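All figures in this text were calculated on a predicted structure; none of them were measured in a lab. Only this structure's heavy atoms are used, side chains among them; waters, hydrogens and symmetry mates stay out.
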Amino acid sequence: MRVLNNKYFLLLLRLIVGGVFIWAAVTKIADPLAFAQDVRNYRLVGQTLSFLTAIVLPWVELIAGVCLIIGVFPRSSALLVSGLLVFFIVLVAVTMLRGIDVDCGCFGTFSRKADLWLILEDSIWLVLSLVLLFSPANDFCLLKRAPKTS
Amino acid sequence: MNFKQILKDGETWKGIIFILALSLVIGTVSNLGLIKKFLRGEFRQAFFTREEYPGLVFITLPEVEELWHNQKAVIVDSRPVSEFRRGHIPGAISVPLEEIKGGNYSPLERLSPVKPLIIYCEGGDCLTSLNLARLLHGRGFGDLRVFSGGWAEWLAAGLPVEKEDEGS
């Protein structure tokens, strides 16, 4: 699949995936307490961990998104983004199996229900971020790394 | 590069540590005010500030019992109707959160805007009482008291129970 190695296509993917993560992060950073409550509503962790998640996770999303777009540690950010998406998919699936009706908390006030559609949407983002993870991803990068000799 | 190579690459982990560490630092610095409030114990039961929801407080079983006994408050059951029918605090009004969220506001007509409202749900980890309280706050109810021990604590204390089909 030559298109998967096309540098313009990969740049577009970086802009889309990074953009979605930045958008998701900004809506949460705007209201950390609301996001903390969203995390708590999943009934997986207590008050303290929900609070810590709400303080740190949105910034992980934001910085990983920015790094992905500008090309600083692009592979690390693609791995982080993919890891987060796998976690979100498992989290929503487990929540559905437990029969808990909850807002996903994904995009702040634009949040919606944690359901099968959300799993599908996250799966699409996951496929895109995996393409970035396994691509050469060295064009249009702010920090180019030296090619490995081995 | 395959997945194994990516994981073995020191550069990958350097990047991940960089992103995580930077997030931790910025997250902490930009939320110092909230962290201070958290350490003071302000968010022990729910994530909102007193300025945001004035009049919304948490109360314990003895307080509920006292208010219920002296009929000084209206008791509101936020659980689904099916559970309410199986048993509830005597005199409680059923205001299922799921119905209100679905746009049916008619149960609210039975609530007094001047008397304190005591809102409860299953107890333990349930959050419907708090979510209903927030919603009621938005609709102009000023004195909201969430009984977080909920139905489980009321039952465990051996207090009276009323059932919908009683007497029929």
Side-chain angles (χ1 to χ4, degrees), chain A residues 25 28-29 31-48 50-68 72-84 100-103 113 130 133-138 143 145-146 148 150, chain B residues 1-39 41-53 80 96-98 101-102 121-122 124-128 130-131 133-134 148:
Chain A
K28 291 169 193 150
I29 288 167
D31 193 349
L33 286 184
F35 180 52
Q37 192 60 54
D38 286 334
V39 176
R40 183 71 188 89
N41 288 351
Y42 278 96
R43 297 192 218 170
L44 215 63
V45 291
Q47 290 292 109
T48 306
S50 299
F51 182 72
L52 291 178
T53 306
I55 296 294
V56 180
L57 182 67
W59 288 98
V60 176
E61 290 182 333
L62 182 78
I63 296 166
V66 171
C67 283
L68 202 61
V72 173
F73 297 117
R75 212 179 293 282
S76 311
S77 38
L79 183 63
L80 253 180
V81 164
S82 307
L84 282 174
I100 298 173
D101 185 24
V102 68
D103 274 338
K113 272 206 182 315
L130 285 177
L133 179 64
F134 293 112
S135 74
N138 215 5
L143 277 186
R145 52 178 305 192
K148 281 234 161 166
S150 58
Chain B
M1 240 182 169
N2 63 35
F3 195 54
K4 235 178 173 177
Q5 284 171 313
I6 293 171
L7 291 185
K8 270 188 176 174
D9 190 354
E11 190 84 2
T12 308
W13 295 107
K14 213 165 90 182
I16 287 184
I17 291 169
F18 167 77
I19 295 171
L20 293 181
L22 193 60
S23 308
L24 191 66
V25 171
I26 301 180
T28 307
V29 171
S30 64
N31 289 298
L32 273 180
L34 284 182
I35 293 171
K36 270 185 202 158
K37 283 184 177 176
F38 182 81
L39 292 175
E42 211 166 292
F43 309 128
R44 208 166 286 152
Q45 283 160 308
F47 292 108
F48 60 80
T49 53
R50 262 174 247 137
E51 304 88 64
E52 206 182 348
Y53 289 97
L97 178 69
E98 51 184 18
K101 269 186 154 179
C121 49
E122 292 87 350
D125 232 1
C126 78
L127 291 160
T128 45
L130 174 63
N131 291 335
R134 284 172 177 238
S148 35

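Only the backbone of B/Phe48 comes within contact range of chain A, judged by heavy atoms closer than 4.5 Å. Only the side chain of B/Phe18 comes within less than 4.5 Å of a heavy atom in chain A; its backbone stays farther off. Of the atoms belonging to B/Glu98, not a single heavy atom falls under 4.5 Å from chain A. For chain A, the nearby parts of B/Ile35 are the backbone and the side chain; heavy atoms of each come within less than 4.5 Å.
When A/Val72, A/Leu79, A/Ile100 are compared by the number of non-hydrogen pairs under 4.5 Å with chain B, A/Leu79 comes out ahead.
Between A/Leu130 and A/Leu133 there is a side-chain heavy-atom pair separated by less than 4.5 Å. With contacts defined as side-chain heavy-atom distances shorter than 4.5 Å, the pair B/Glu42/B/Leu34 does not qualify. A/Phe134 is listed as a side-chain neighbour of B/Ile6, based on a closest heavy-atom distance under 4.5 Å.
Taking B/Asn31 as the reference, nothing meets the side chain to side chain donor-acceptor pair (under 3.5 Å) condition, with sequence neighbours excluded.
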Tabulate below the donor-acceptor pairs under 3.5 Å that side-chain atoms of residues 51-68 of chain A make, not counting sequence neighbours, or state none.
| residue | atom | partner | partner atom | Å |
| --- | --- | --- | --- | --- |
| A/Thr53 | OG1 | A/Leu49 | O | 2.6 |
| A/Glu61 | OE1 | A/Lys28 | NZ | 2.8 |
| A/Glu61 | OE2 | A/Lys28 | NZ | 3.0 |

